[in-house]
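Since the structure comes first, as structure tokens, the remarks are kept for the end.
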Amino acid sequence: MPELPEVEVTRLGVAPYLVSNLIVRNPSLRWPVPETARNIIGQTIRAVRRRAKYLLLDTDAGTCIVHLGMSGSLRILPRSTPAEKHDHIDLELENGRVLRFNDPRRFGAWLWCELPETAHPLLAKLGPEPLTDAFNVEQLHAALKGKKKAIKLCLMDNAIVVGVGNIYANEALFAAGIHPQAEAGKVDKERLTVLVAEIKLILAQAIKQGGTTLKDFTNAEGKPGYFAQKLHVYGRGGETCTQCGHMLSEIRLGQRSTVFCSLCQTR
DNA sequence: AATAACACCTGTGTGC
DNA sequence: TGCACACAGGTGTTAT
């Protein structure tokens, strides 16, 4: 996912360079890559930004919107590097390099928007960025008011807060001692305060770790950095709780694997 | 309106 | 070894 380090690396690699060509080998991503995506050719990338998990490449003519889906990745390579399987898109730059989009599952997206991104339907209804002050206990409490569904599903709802995926939702709920199935509207403010802090902490740590991986992004290797981080519950169903030693439970919630400690996560 | 289920797609690991 | 199946970091769309 394009968390902060990846955006930063992409920024350093593609801005402020002129785009000399766009090669689309396979346009069938989540949505077909539009013809208008070619409008980036001849434009200078002024800035690279991130909103939620969308990467935004700004030019004077419009903004390229990139999403990595479940399996996408971006790399900056010498233009001569041969394309491999699932290398669907190349953004060729005048600096002799190429921003290459690879995505085996093709859940990702490569779009073009000529209006401010707030007008784009994919970005219009997104909740606050978790690492900004806009995401806070007051905001979360208000957003969860009256919600009957499980707190974990709400954390993964982009209208409430963006950027909290399955790993982080599991980990943050464990850290805050909240049961993933707790009715969202009934989690008290005290707990939500802890939860907000833990989400910020865990995401910040993940970004830090992701940076380690992304620093050598020109190497062929590399799983996302946050895989290297210490995970307390994610992927550990049936193993023992790092806090109390009890066996971790694993259930499905919204078709996503959910791991928790039934002793440590009670509310 | 809110919630749950489904859809998209390929790769990998497990069990028979 | 082959095959069937479950599951994977996401999220918009459709059904209930």
Side-chain angles (χ1 to χ4, degrees), chain A residues 1-7 25-34 50-55 65-74 84-89 101-111 113 117 120-127 129-130 142-174 180-186 199 202-203 205-207 209-211 213-214 222-238 250-259:
Chain A
M1 289 293 95
E3 301 298 347
L4 198 141
E6 183 153 11
V7 174
R25 297 188 192 80
N26 185 354
S28 1
L29 303 182
R30 177 152 198 199
W31 297 279
V33 178
R50 178 184 62 79
R51 177 70 177 109
K53 291 176 179 172
Y54 296 93
L55 191 72
I65 302 175
V66 180
H67 196 289
L68 299 180
M70 293 271 263
S71 58
S73 62
L74 289 169
E84 296 174 13
K85 202 174 182 183
H86 307 307
D87 283 343
H88 305 310
I89 299 178
F101 176 84
N102 177 289
D103 186 7
R105 290 178 75 178
R106 289 190 278 119
F107 287 175
W110 187 291
L111 302 168
C113 177
E117 74 273 5
H120 196 283
L122 288 176
L123 306 175
K125 293 179 179 174
L126 293 173
E129 290 289 330
L144 297 183
K145 190 180 178 186
K147 293 266 184 220
K148 297 221 187 282
K149 62 178 176 179
I151 180 87
K152 176 166 180 258
L153 296 175
C154 291
L155 288 187
M156 297 178 69
D157 179 349
N158 279 339
I160 292 175
V161 59
V162 302
V164 182
N166 195 35
I167 294 175
Y168 304 135
N170 278 298
E171 294 297 317
L173 287 167
F174 173 77
Q181 283 179 304
E183 188 178 324
K186 288 188 176 169
I199 287 172
I202 287 166
L203 283 176
Q205 284 174 346
I207 284 171
Q209 303 236 3
T213 294
L214 288 161
K223 290 191 172 184
Y226 52 75
F227 258 54
Q229 95 186 30
K230 277 273 179 194
L231 296 174
H232 289 277
V233 286
Y234 181 81
R236 297 194 61 242
E250 179 156 12
I251 59 171
R252 307 282 299 173
L253 212 45
Q255 344 272 87
R256 312 303 298 277
S257 107
T258 302
V259 186

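Model, not experiment: these values are computed from the prediction. Below, chains carry the letters A, B, ... as their sequence lines are ordered, and counting in each starts from 1.
- Residue A:Ile167 contributes atom CD1, which lies 10 Å from atom C1' of C:dA8 at whole-angstrom precision.
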(request) Begin from the C-alpha positions of A:Lys53 and A:Val162 and carry the test side chain to side chain contact (heavy atoms under 4.5 Å, CB included) through to its verdict. (result) CA-CA 8 Å; A:Lys53 291 176 179 172; A:Val162 302; over 6 Å; no
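- A:Lys85 and A:Asn102 form no side-chain donor-acceptor contact under 3.5 Å, judged by distance and modelled atom types alone.
- Rounded to a whole Å, the NZ atom of A:Lys152 is 16 Å from the P atom of B:dT3.
- A:Tyr234 OH to A:Glu250 CD: the interatomic distance, rounded to the nearest 0.5 Å, is 9.0 Å.
- Residue whose closest nucleotide on DNA chain B sits further toward the 5' end, between A:Arg105 and A:Gly146: A:Gly146.
- When rounded to the nearest whole Å, the span between CG of A:Leu253 and C1' of B:dA5 equals 13 Å.
- Among the heavy atoms of the strands, none lies under 4.0 Å from A:Asp103.
- Between A:Arg252 and A:Ala52, the residue anchored closer to the 5' end of DNA chain C is A:Arg252, taking for each the nucleotide with the nearest heavy atom.
- Atom pair A:Leu68:CG and C:dA8:C1' shows a separation of 16 Å (rounding to whole Å applied).
- In this model, the phosphate group of C:dG12 is not approached by any side-chain N or O of A:Lys125 to a distance below 4.0 Å at OP1 or OP2.
- A:Lys85 comes within 4.0 angstrom of the backbone, heavy atoms only, and of no base.
- Residue A:Arg106 places its side chain closer to B:dT10 than to any other of B:dT10, C:dG10, C:dA8.
- Listed candidates were C:dT11, C:dG12, C:dA8. Nearest to the side chain of A:His67 is C:dT11.
- The interatomic distance linking A:His86 (NE2) with B:dT12 (P) rounds to 8 Å, in whole Å.
- Two residues, A:Leu122 and A:Arg256, neighbour DNA chain C, and the one matched to the more 5' nucleotide by heavy-atom proximity is A:Arg256.
- For A:Lys53, the listed nucleotide lying nearest its side chain is C:dT11; candidates were B:dC9, C:dG12, C:dT11.
- For C:dG12, the OP1/OP2 oxygens have a side-chain nitrogen or oxygen of A:Tyr54 closer than 4.0 Å.
- Under the 3.5 Å distance criterion, the side-chain polar atoms of A:Arg50 are matched with a main-chain donor or acceptor of A:Ala52.
- Separating the CG atom of A:Leu111 from the P atom of C:dG12 is a distance of 11 Å, rounded to the nearest angstrom.
- In this structure, A:Ser71 contributes its side chain and A:Gly69 its backbone to no donor-acceptor pair below 3.5 Å.
- Using P as the reference atom, C:dA6 and B:dC6 are 13 Å apart when rounded to the nearest Å.
- With P as the reference atom, B:dA5 and C:dC7 are 15 Å apart, rounded to whole Å.
- Here the C1' atom of nucleotide C:dG10 and the CG atom of A:Asp157 are 13 Å apart, to the nearest Å.
- Checking C:dG10, C:dG12, B:dA4 against every side-chain atom of A:Lys149, the shortest atom distance belongs to B:dA4.
- One finds the CG atom of A:Leu253 at 5.5 Å from the CD atom of A:Gln181 (value rounded to the nearest 0.5 Å).
- Across all strands shown, B:dC9 forms no Watson-Crick or G-U wobble pair with both distances under 3.5 Å.
- Put simply, A:Phe107 does not rest on the base of B:dC9: the two rings are not both less than 5.5 Å apart at their centres and under 30° in tilt.
- Of all nucleotides listed (B:dA4, C:dT11, B:dT3), B:dA4 comes nearest to the side chain of A:Leu153.
- When heavy atoms are screened at a 4.0 angstrom cut-off, A:Ser28 is found touching no nucleic acid atom at all.
- Rounded to whole Å, atom C1' of C:dT13 lies 8 Å from atom CZ of A:Arg30.
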